[in-house]
Structures are given as structure tokens and as C-alpha cells.
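Input: a single structure, listed below in C-alpha cells.
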Amino acid sequence: MIAMAVLVMHILAMILMMIHVEALDTNPVFDPCSDSKVQRFDGFTFGLAFSTKESFLFNRTQLSPCDRRLMLRNSNSQLAVFRPKVDEISLLTINSTTFNPNMDGGYMVAFAGRQYAARSVPVFVADNTHTITSFTLVLEFQMGTLQNLYWKKFGCDSCSGKSVVCLKNQDCAIPTSNCKANGGPVDCNLGIQLAFSGTDKNENVLNSWYEVANLRQYSLFSLYSNVRETLTGTFDNLF
């Protein structure tokens with residue numbers, strides 16, 4: 001009980017700190033295809049591109065969606081852009097009546113920057129059979145510059161509900177036919193738990209990934225899972 005009380009106080013302290021630094025965003029870069037160097041609590045813009053797995057390859061090499069050689073603009077691709085606070089735990093969502101990952105290729109890639117062209121591996125989201133709605137993405141920085149984006153898997157221990165299945169012992173999935181976009185009863189909006197690791201431009205350590213890993217041990221993890229922020233849209237001139 002004492003340990004839980006201490007954890008609650010720690011979370012409240014984090015929330016108060018987040019509120020206190022709300023106005024300290026020093027990053028003027030809003031384009032996910034431009035480079036930036038950030039410090040803790042800056043806003044940081046990155047994108048999610050949705051297309052087929054093959055669409056992210058050029059001559060068998062995966063490129064950033066910012067690279068025009070991919071020709072994503074001429075394909076059936078979609079783009080979501082987010083600007084979370086660096087080193088804050090966020091749950092990002094895509095809630096759009098026109099968005100259907102199954103119809104848009106079924107895979108997504110997280111990306112940001114041009115010179116370093118950081119991008120995640122393509123991760124499966126949906127096909128005609130299954131839809132995955134929950135992901136965890138870690139943004140890794142070195143001296144304030146994004147170096148890598150990678151997806152974390154936690155297995156199927158949290159899978160619940162009679163319609164939920166486990167895919168490859170890694171992801172909880174819902175039958176695509178059960179999603180509201182296909183006339184079913186289930187809300188299949190995409191949710192992405194976001195965390196940070198590495199160091200900012202002032203060499204401060206980014207700790208939110210470790211906070212996520214620790215919070216998953218407690219039911220208080222749902223406190224963050226209920227806080228959703230999103231900025232989505234189509235940037236035709238980006239591709």
C-alpha cells in the first residue's frame with residue numbers, strides 16, 4: 001500500500017511538472033520531414049505513413065517516407081502527423097471516419113527528419129482477417145537528434161474479450177469483420193503508446209520509456225491509456 005501511494009505521488013508530481021513546462025517548447029520545426037534538435041518537453045513532430053509493406057522499399061532498401069523515390073504520393077497511402085512533448089508519456093490515436101488501415105495497405109512506418117531519415121520498420125496493422133489496434137512506439141534520441149524509432153512488443157498477456165485473438169504470440173488482434181468500419185460493433189481506432197529514450201540536446205536523460213515499462217506493472221497504467229491526444233491530416237505536398 002505504501003509503495004502504491006508513493007507511485008501515485010510520483011505520477012502526480014510528473015503531471016504537475018508537465019503543466020509547469022507547458023510553455024517551454026523551443027522547437028520551431030513542425031514539418032516531420034525536417035531535422036530538429038530538441039530538449040525535454042519541446043514539441044517534436046513525427047509522422048506515421050500507412051501503405052503496403054512493399055511501398056516503403058526502393059531497390060530492396062527501406063527508405064524514409066520523406067524520400068520522394070518511394071512515390072507514396074501516387075499510391076493509396078495515408079499520413080498522420082503528431083507533435084507530442086519530448087519525454088512525456090502519450091497515447092496517440094487516429095480516429096477518422098475515412099481512415100481504414102486495411103484499405104490503405106495494412107502496414108505503417110513511423111518517421112521523422114531528412115538528413116538522418118530515421119524510420120521504423122514497417123509494422124502490420126490490418127488485413128481482411130485481423131486488425132491490431134494497440135502499439136507501443138519508442139523514439140530514441142542522441143544529444144537531441146532522433147536516431148531511431150522502434151516498436152515494442154509485450155506479448156498477448158493483456159488480450160481479453162471473446163473476439164480477441166493472439167497473433168504470433170506478440171499482438172492482440174480483433175477480427176476485421178467486427179470493426180465498425182466494416183459494419184461490426186467494435187471500435188477499432190488505432191492507439192499508440194509513445195515513449196522516449198536517450199538524451200536531449202542538453203544531455204539530459206529521457207526517462208519516459210522506463211516509466212512506461214514500470215507502469216505496466218500496475219493498474220495505474222490505465223491512467224495514461226485514457227489520456228489521448230491526436231493531430232491527424234493529409235499532407236499531400238509531403239510525399
> Cluster partners of Met103, using ILVMFWY side-chain heavy atoms under 4.5 angstrom, listed by chain and number?
Replying inline: none
> Quick one: are the ring centres of Phe196 and Phe44 less than 6.0 Å apart?
Replying inline: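 When the ring centroids of Phe196 and Phe44 are compared, they turn out to be at least 6.0 Å apart.
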>> Would you say Phe30 ends up clustered with Phe82 if hydrophobic residues are merged whenever their side chains have heavy atoms under 4.5 Å apart, either directly or through other cluster members?
In response: no
>> Quick test of your reading of the model: are Arg119 and Asp67 salt-bridged, counting only N-O distances below 4.0 Å?
In response: no
>> Strictly distance-based, threshold 3.5 Å: is any side-chain N or O of Ser64 a donor or acceptor partner for the main-chain N or O of Cys66?
In response: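 Looks like yes, one N/O pair under 3.5 Å.
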Say you draw a straight line from [atom1] of [X] to [atom2] of [Y]; how long is it, rounded to the nearest 0.5 Å?
X: Trp209; Y: Leu137; atom1: CH2; atom2: CG; value: 10.5 Å
X: Ile132; Y: Asp127; atom1: CD1; atom2: CG; value: 9.0 Å
X: Arg114; Y: Asp35; atom1: CZ; atom2: CG; value: 8.0 Å

> Listed by chain and number, what are the side-chain contact (heavy atoms from CB on, under 4.5 Å) partners of Val123, not counting sequence neighbours?
Replying inline: Met108, Phe135, Trp151, Lys153
> Out of Val86, Asp25, Thr26, which residue meets the side chain to side chain contact (heavy atoms under 4.5 Å, CB included) rule with Val38?
Replying inline: Val86
> For the cysteines Cys166 and Cys159, is the SG separation below 2.5 Å?
Replying inline: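 Cystine link not detected, SG atoms outside the 2.5 Å cut.
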> Between Thr129 and Thr176, is a side-chain contact (heavy atoms from CB on, under 4.5 Å) present by the stated rule, with each step listed?
Replying inline: CA-CA 5 Å; Thr129 306; Thr176 301; 5.5 Å; no
>> Is there a side-chain contact (heavy atoms from CB on, under 4.5 Å) between Leu206 and Asp200? Walk through the geometry before answering.
In response: CA-CA 7 Å; Leu206 306 179; Asp200 72 358; 4.1 Å; yes
